[in-house]
Amino acid sequence: MAIERTFSMIKPDATKRNLTGKITAKLEEAGLRVVASKRVWMSKAQAEGFYAVHKDRPFFGELVETMTSGPTVVQVLEGENAILKNREVMGATNPANAAEGTIRKEFAVSIGENSVHGSDAPETAAQEIAYWFSGVELVG
Ligand code: UDP
């Protein structure tokens with residue numbers, strides 16, 4: 001299996017509760033390496049652009065509001081099978097359905113405040129990394 005990179009976010013509900021270190025530790029324990037990381041407070045335009053794929057969904061307004069309500073930590077993670085591995089460590093979108101030991105089971109508040117984001121495929125990983133980082137910021 002080739003080494004992959006994926007894009008991850010620690011969302012405002014988690015940064016506000018000072019969970020950045022605990023969540024990053026779970027990612028690292030799963031074998032993922034943080035090769036880029038920065039804290040951003042998204043503008044409305046940045047949040048709308050990042051989540052443009054969801055713009056016609058009923059939860060879009062609430063999603064943008066939540067994502068602009070505090071700081072987010074945007075990260076690039078590297079490792080074997082990183083995209084799938086990150087999704088496994090995150091757990092299901094709705095924390096009520098998340099498996100034991102996952103980040104969302106342990107830390108998420110609700111489906112809207114579910115603590116983390118992770119890319120779902122190689123194409124989205126590449127797009128999402130490029131949305132937040134330039135090549136010189138990725139340090140493997
Ligand atoms: N979301 C929401 N309500 C829903 C579905 C999604 O608030 O009914 C939010 C939630 O924060 C989720 C994000 O929109 O993480 C993106 O949804 P997606 O289905 O892509 O889930 P994910 O890939 O984050 O598990």
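Atoms within each ligand, like the ligands themselves, are counted from 1 in listed order. A quick note: this is a predicted structure, and the numbers were derived from the prediction, not measured.
- Remark: minimum distance from atom 25 (O) of ligand 1 to any protein heavy atom is reached at T93 OG1, 2.6 Å.
- Remark: ligand 1 and I111 share an N or O pair separated by less than 3.5 Å (distance only, no angle test).
- Residues H117 and Y51 are in side-chain contact: their nearest non-hydrogen atoms beyond the backbone lie under 4.5 Å apart.
- Between R57 and ligand 1, no pair of N/O atoms sits closer than 3.5 Å.
- Atom NZ of K38 has more than 12 heavy atoms from other residues, nucleotides or ligands within 6.0 Å.
- Atom 7 (O) of ligand 1 has its closest protein heavy atom at G112 CA, 3.5 Å.
- Of the residues K16, R17, K11, the one that meets the side-chain hydrogen bond (donor to acceptor under 3.5 Å, both in side chains) test with D13 is R17.
- Residues W132 and E137 fail the side-chain proximity criterion, which asks for heavy atoms closer than 4.5 Å.
- Here the protein heavy atom with the shortest distance to atom 24 (O) of ligand 1 is R104 NH2, 3.1 Å.
- Distance from atom 12 (C) of ligand 1 to its nearest protein heavy atom, with residue and atom name: N114 ND2, 3.6 Å.
- When hydrogens are left out, the protein atom nearest atom 5 (C) of ligand 1 is F59 CE2, 3.4 Å; that is the closest non-hydrogen contact.
- Residue L63 holds the heavy atom nearest to atom 13 (C) of ligand 1 of all those in L63, D13, V53.
- At a heavy-atom cutoff of 4.0 Å, ligand 1 is contacted by the side chain of R87 but not by its backbone.
- Put simply, the side chain of T15 does not reach to within 4.5 Å of the side chain of T72, judged on heavy atoms.
- Residue Y51 has no nitrogen or oxygen atom sitting less than 3.5 Å from a nitrogen or oxygen atom of ligand 1, judged on distance alone.
- With respect to R33 and E78, no salt bridge is recorded, no charged nitrogen being found less than 4.0 Å from a carboxylate O.
- Aromatic ring centroids of F50 and F7 lie under 6.0 Å apart.
- For ligand 1, the polar-atom distance check finds no N/O of H117 at less than 3.5 Å from any of the ligand's N/O atoms.
- E106 and K22 are not joined by a salt bridge, as no carboxylate oxygen comes within less than 4.0 angstrom of a charged side-chain nitrogen.
- The protein atom (non-hydrogen) at minimum distance from atom 11 (O) of ligand 1 is K11 NZ, 3.1 Å.
- Heavy-atom contacts from other residues, nucleotides or ligands closer than 6.0 Å to CD of E28 number more than 12.
- For atom 16 (C) of ligand 1, the closest non-hydrogen atom of the protein is H54 NE2, 3.5 Å.
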